[in-house]
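One structure is given below, encoded as structure tokens.
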Protein chains: 2
Amino acid sequence: MENSQKALVLLRQIIRSTDMQDKEISRRTGLTPAQLMLMQTLRENLQLTTGELAKEMALTQATVTSILDRLEKKELIARQRGTEDKRKVWVSLTDDGVELMKGAPTTQQDLFVRHFEDIQNWEQSMVVASLERVAFMLNAQHLDAAPLLDIGQLDRAQNDHSKN
Amino acid sequence: MENSQKALVLLRQIIRSTDMQDKEISRRTGLTPAQLMLMQTLRENLQLTTGELAKEMALTQATVTSILDRLEKKELIARQRGTEDKRKVWVSLTDDGVELMKGAPTTQQDLFVRHFEDIQNWEQSMVVASLERVAFMLNAQHLDAAPLLDIGQLDRAQNDHSKN
DNA sequence: TAAATTAGTTAGCAATACGAACAAACACAA
DNA sequence: TTGTGTTTGTTCGTATTGCTAACTAATTTA
């Protein structure tokens, strides 16, 4: 079997594993996968606008808005209109949100970290370097293919043109 | 920054990239991500029952049934009642389904393969070994945590007990 | 100042995903 | 063989996702 084929199969396995873990965490936190992803994104960035969130998660603003609505109702996130630019809406975790993300969501990561730290240091470096390689290749790929959102925006722009 | 933290960040990046690529392919094939995943699973296994598909995709049978309904309407898959065990329903790609999967879905993989084959052979081996490492660690993890479906089944079994 | 752009929301729609309840086929014990 | 429980898949009802199109409000540009 070719190395590249092996790599593809392994990548699928990795995706599948993380997918199942996400569902595990969802179950434990009572959040849906999408809500969880948003919370995680927010945990890493502290302050983001709705648009930035959408770009980060590769979703539409409209979709993010509806996810935010539900998280806001649960009081896990808070929205605040920008003072400098009043069009912008800044989103952040509430205390409850921070608290929730302290629990279950991290334990999966902790498990990974624990396993990861069991292996030799030289191998850790090797894995990181390899992941960098893969991440870079995948990134180059969807630059080649032009990302989804940009295409959507181009289409919309064209439509807008042709409508007038 | 710790090696383990780097690895986690890179993993997230990789997930994100493949996620965006899936959406790209979805757009080109006219299939939703879920439908695409099912078709891919089917391409690799030729003949699966509804239950096997559900397990493979980490979804409920009920969910798989509804996705199958739509793919059947598009005549991309076919259902056939088992002859030996008439409870089972065997699912397979139709000719149209095979044809569709020959096109766009592979080009992304081809892109990856092309990039992958650009790098030195020793580095290819290193990447494969590392991905194996990661896949193994992630796998060990959700064995630790007990997979979603098994928990669901246990719960259901307990409920059935307590009901009688 | 008028026109265009940007940020976000709303509305309406198809699809996903789940649990619960069900029907049919099977397995096995009495 | 009959009855009881199990397995396999579907149907139903519901919440959520994710999209586009249409909209409002604020900002920028001509």
Side-chain angles (χ1 to χ4, degrees), chain A residues 19-20 22-24 26-27 30-38 48-55 57-74 79-91 148-149 151-164, chain B residues 19-20 22-23 26-27 30-38 48-55 57-74 79-91 148-149 151-161 163-164:
Chain A
D19 183 51
M20 288 172 79
D22 278 352
K23 286 185 181 162
E24 235 299 288
S26 296
R27 206 182 53 77
L31 297 177
T32 65
Q35 291 168 358
L36 180 66
M37 199 213 285
L38 197 154
L48 287 179
T49 65
T50 306
E52 286 166 348
L53 266 173
K55 197 172 290 179
M57 300 171 67
L59 297 175
T60 333
Q61 269 199 356
T63 301
V64 170
T65 294
S66 77
I67 299 173
L68 286 177
D69 287 343
R70 284 177 206 100
L71 288 174
E72 195 175 30
K73 204 179 295 173
K74 295 185 191 178
R79 284 193 251 218
Q80 192 180 5
R81 269 252 120 89
T83 49
E84 189 198 357
D85 184 341
K86 288 176 197 156
R87 290 169 306 177
K88 295 189 177 174
V89 169
W90 293 95
V91 185
L148 179 66
L149 282 179
I151 285 181
Q153 284 159 358
L154 281 175
D155 284 354
R156 220 171 307 155
Q158 286 185 332
N159 289 341
D160 287 352
H161 264 292
S162 57
K163 264 180 203 159
N164 298 345
Chain B
D19 183 52
M20 288 172 80
D22 278 351
K23 285 183 182 165
S26 296
R27 208 182 52 78
L31 297 176
T32 65
Q35 291 169 357
L36 181 67
M37 200 215 285
L38 198 154
L48 287 179
T49 66
T50 307
E52 288 166 346
L53 267 173
K55 197 174 291 181
M57 300 171 66
L59 297 175
T60 330
Q61 270 198 355
T63 302
V64 170
T65 294
S66 77
I67 299 174
L68 286 177
D69 287 343
R70 282 172 210 105
L71 288 174
E72 197 176 29
K73 204 179 293 172
K74 295 185 192 179
R79 282 195 253 219
Q80 193 181 4
R81 271 264 123 121
T83 50
E84 191 197 357
D85 184 339
K86 288 175 197 155
R87 289 171 304 179
K88 295 188 177 175
V89 168
W90 295 95
V91 186
L148 179 64
L149 282 178
I151 286 181
Q153 282 158 1
L154 280 175
D155 283 353
R156 218 170 309 156
Q158 286 186 332
N159 288 340
D160 288 353
H161 263 290
K163 264 179 203 161
N164 297 344

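Naming convention: chains lettered A, B, ... in sequence-line order (proteins, then strands); numbering from 1 in each chain.
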**Item:** Salt-bridge criterion met for A:Lys23 and A:Asp19 (N-O under 4.0 Å)
**Value:** yes
**Prompt:** Contact class for B:Thr50 vs. all strands (heavy atom < 4.0 Å): base, sugar-phosphate, or nothing?
**Reply:** sugar-phosphate
**Message:** Mind checking if B:Glu84 touches a base, just sugar-phosphate, or nothing, with heavy atoms under 4.0 Å?
**Reply:** sugar-phosphate
**Request:** Assign B:Thr49 to base, sugar-phosphate, or nothing according to its heavy-atom contacts below 4.0 angstrom with the strands shown.
**Result:** sugar-phosphate
**Request:** Please round to the nearest 0.5 Å and tell me the distance separating atom CG of A:Leu53 and atom CG of A:Leu68.
**Result:** 6.0 Å
**Message:** Could you check whether any side-chain N or O of B:Thr60 sits under 3.5 Å from a backbone N or O of B:Thr63, counting only pairs where one atom can act as donor and the other as acceptor?
**Reply:** no
**Gap between atoms CG and P, on A:Leu71 and D:dA15 respectively (whole Å)** = 17 Å
**Value in whole Å for how far the P atom of D:dG18 lies from CD of A:Gln35** = 10 Å
**Message:** If we ignore hydrogens and angles and just use 3.5 Å, is the side chain of A:Lys74 paired with the main-chain N or O of A:Leu31 as donor and acceptor?
**Reply:** no
**Asked** Reckon B:Ala34 touches a base, only the sugar-phosphate, or nothing at all at heavy-atom distances under 4.0 Å?
**Response** sugar-phosphate
**Message:** Expressed as a whole number of angstroms, how long is the span from B:Arg87:CZ to D:dG9:C1'?
**Reply:** 10 Å
**Fill in**
Here the distance between atom C1' of D:dT17 and atom CG of B:Asp22, to the nearest Å, is 16 Å
**Prompt:** Heavy-atom distance under 4.5 Å between the side chains of B:Lys55 and B:Leu48, does that happen here?
**Reply:** no
**Prompt:** Which of these nucleotides, C:dC18, C:dT10, D:dT11, is closest to any side-chain atom of B:Leu59?
**Reply:** C:dC18
**Request:** Provide, to the nearest angstrom, the distance between the CE atom belonging to B:Met57 and the P atom belonging to C:dA15.
**Result:** 15 Å
**Prompt:** If only side-chain N and O atoms of B:Thr60 are considered, is one of them under 4.0 Å from the OP1 or OP2 phosphate oxygen of C:dC18?
**Reply:** yes
**Request:** Measure from the side chain of A:Gln61, starting at C-beta and using heavy atoms only, and say which of C:dC26, C:dG8, D:dT11 lies closest.
**Result:** C:dG8
**Request:** Figure out the CD1/C1' separation between A:Ile67 and D:dC19, and round it to whole Å.
**Result:** 12 Å
**Asked** Of the nucleotides C:dT16, D:dT16, C:dC26, which one has an atom closest to the side chain of A:Thr32?
**Response** D:dT16
**Asked** To the nearest angstrom, how far is B:Lys86 atom NZ from D:dT10 atom P?
**Response** 17 Å
**Prompt:** Given atom CG of B:Leu68 and atom C1' of D:dT8, what is their separation to the nearest angstrom?
**Reply:** 13 Å
**Nearest-neighbour nucleotide for the B:Thr63 side chain, C:dA20, C:dA17, C:dT9 considered** = C:dA17
**Fill in**
Looking only at D:dT10, D:dT17, C:dG19, the nucleotide nearest the A:Arg70 side chain is D:dT17
